[in-house]
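Hydrogens, waters and symmetry mates are skipped; everything else that's a heavy atom, side chains included, is used. Just so we're on the same page: letters track the sequence lines, and every chain starts at 1.
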Protein chains: 2
Amino acid sequence: MAAPIPIDAEMLADVALLAALPRAVREEAAALARARPLPRGLRVFDQGERAGRAHALLSGCVRITQSGSDGEEILVRFIGPGEIFGCVPVLTDGLYPADATTMVDSLELSWDPADLLALMERHSQLAINMVAIVGKRLGEAQERLRELATQSAERRVARTLLRLLDQAGRRTGDGVRIDFPLRRKDIADIAGTTLHTVSRFVAGWERQGLLATRHHHVIIRSPDELRVLAEESPG
Amino acid sequence: MAAPIPIDAEMLADVALLAALPRAVREEAAALARARPLPRGLRVFDQGERAGRAHALLSGCVRITQSGSDGEEILVRFIGPGEIFGCVPVLTDGLYPADATTMVDSLELSWDPADLLALMERHSQLAINMVAIVGKRLGEAQERLRELATQSAERRVARTLLRLLDQAGRRTGDGVRIDFPLRRKDIADIAGTTLHTVSRFVAGWERQGLLATRHHHVIIRSPDELRVLAEESPG
DNA sequence: CGAGGAATTTGCGCTGGATCAAACTTCTCC
DNA sequence: GGAGAAGTTTGATCCAGCGCAAATTCCTCG
């Protein structure tokens, strides 16, 4: 067992859940947290498993997927630096509702469920922040639901890329790069279609010079053109 | 203007958000709440509107719908007695994310956003309850997302009915009745399909004696057979 | 740098379910 | 109780995109 990684309140300033709180609260949270490096490809927790820890990501990227009894799965969301994951079951039935897997080497903080709960009881602002975070995700899920029910696959793929751009876009020489390793299957699992269909559209856009992929990373050269595709009225 | 409806802490005991709290908190919440009867068909609030009140339903039924810029809409959920609605924006951007319309004559309580926020600040358990409620809805939304992306229309319609049965089922003489007025279009807007497709399946099931509809109400005679349809492995 | 494997592209046929259209039934309200 | 409106059923047609399969390219790692 390696020596525990020291945690200071500074590290917590980047976690959205705690960002706007008084420093004293962050120190309290820091004292209870455990830091841990996560190698790429690690299954952080499994769907249905009893929630052993509540998590926050400091760096890297975690993929949250949900699968049904039939094995079909969707990609619920990517967790980027500063975001929390696996925290809701602490307050509900105690079972993780999805799988979590690191996509790159990452660093996380985590809390014992009881500690986090106690912390939220002492500091209502913490719980209120959490409602805001979960509420925002609920809104996003409902928007995706509407898109999936009413829009064409092409628009959904375009919107998926735009949304990822928002979440993890980073300017580079010739466009904006999505900072997650992203393969066609991932895009398909978010947009609710197949990797074949995604490939057709993306390859087309790539030919038009609208975007490029290298090393499993997507670089959008022209977000505006993509936005046009995403908004186009019919189907 | 009619005289205000008197509110006592007893009424709040049926509201899930406040149910498990000390009586003193419920009394505090009661003092700040406003009760209001809502006639059938009333638009309680509009998507995009600034959140003027946070709501809880005491009796009746409210339909929450979300529509996109193109006019396409989905039915996000039904709110039944004891459930809250329009409360999340109090803690986020202050804009209602969806429309809310009463489906029958109803009775609601509502709070001023600032009052509810202050109440949650004083009583962290209230905020914690809210995380649990919103988290549960998030889980449901993600499950629907997966179903919509991976399952056949028939299964989705069957599951939709089963889910409504769970939420608002009431035993009657010859089966379990869903306590909301429900037309084909509503089912379609939840299941993510068209009223024609819903009609085909439901009419078939009705012929098999699996369920019945009268006065825009669905009565499931054989939940088990429906469950089989919902679980059936392929597509 | 090169071999092996993983991911992507692309062609083709097929079908679930959307769309269009029309008859029919059920509710609502006078 | 009856007229009109609203909701439902059912048929016919059509196509977006899924499933399968094979070729090709890209990435990884020794």
Inset, instruction - Provide, to the nearest angstrom, the distance between the CD atom belonging to A:Glu206 and the P atom belonging to D:dC26. - result: 9 Å
Legend entry - Short side-chain to backbone donor-acceptor contact, B:Asp105 and B:Arg40, under 3.5 Å: yes
Inset, instruction - Find the distance B:Asp186:CG to D:dG7:C1' and express it as a whole number of Å. - result: 11 Å
Legend entry - Step-by-step side chain to side chain contact (heavy atoms under 4.5 Å, CB included) determination, B:Arg77 to B:Glu140: CA-CA 10 Å; B:Arg77 66 182 301 117; B:Glu140 287 165 10; 3.2 Å; yes
Inset, instruction - Check whether the ring centres of B:His216 and B:Phe180 lie less than 6.0 Å apart, and answer yes or no. - result: no
Legend entry - A:Ser106 side-chain N/O to A:Val104 backbone N/O, donor-acceptor pair under 3.5 Å: yes
Inset, instruction - For C:dG16, take OP1 and OP2 only and decide whether either is under 4.0 Å from a side-chain N or O of B:Arg156. - result: no
Inset, instruction - May I ask you to decide if A:Ser67's main-chain N or O and A:Gln47's side chain share a donor-acceptor pair within less than 3.5 Å? - result: yes
Inset, instruction - Measure the distance from CG on B:Leu211 to C1' on D:dT8 and round it to the nearest whole Å. - result: 14 Å
Legend entry - Short side-chain donor-acceptor distance under 3.5 Å, B:Thr102 and B:Arg63: no
Legend entry - Donor-acceptor contact below 3.5 Å, side chain B:His217 vs main chain B:Ile178: yes
Would you tabulate the nitrogen or oxygen pairs shorter than 3.5 Å linking the protein to nucleotides 27-30 of chain D?
unit_1	atom_1	unit_2	atom_2	d
D:dC27	OP1	A:His215	N	2.6

Legend entry - Integer-rounded Å distance: C:dA6 P and A:Arg184 CZ: 18 Å
Inset, instruction - Could you check how far CZ of B:Arg183 sits from P of C:dC27, rounded to whole Å? - result: 13 Å
Legend entry - Euclidean distance, atom CE of residue B:Met103 to atom C1' of C:dC27 [Å, nearest integer]: 15 Å
Inset, instruction - Please report, rounded to the nearest Å, how far the P atom of D:dC26 is from the NE2 atom of A:His217. - result: 17 Å
Legend entry - Flag for B:Glu72-B:Gln66: side-chain donor and acceptor within less than 3.5 Å: no
Inset, instruction - Without swapping roles, check the side chain of A:Arg155 against the backbone of A:Glu147 for a donor-acceptor pair under 3.5 Å. - result: no
Legend entry - Rounded distance (Å) that lies between atom P of D:dT9 and atom CZ of B:Arg207: 9 Å
Inset, instruction - Output the residues of residues 188-203 of chain A in contact with DNA chain D, where contact means a heavy atom of the residue under 4.0 Å from an atom of the strand; sort by number or write none. - result: A:Thr193, A:Thr194, A:His196, A:Thr197, A:Arg200
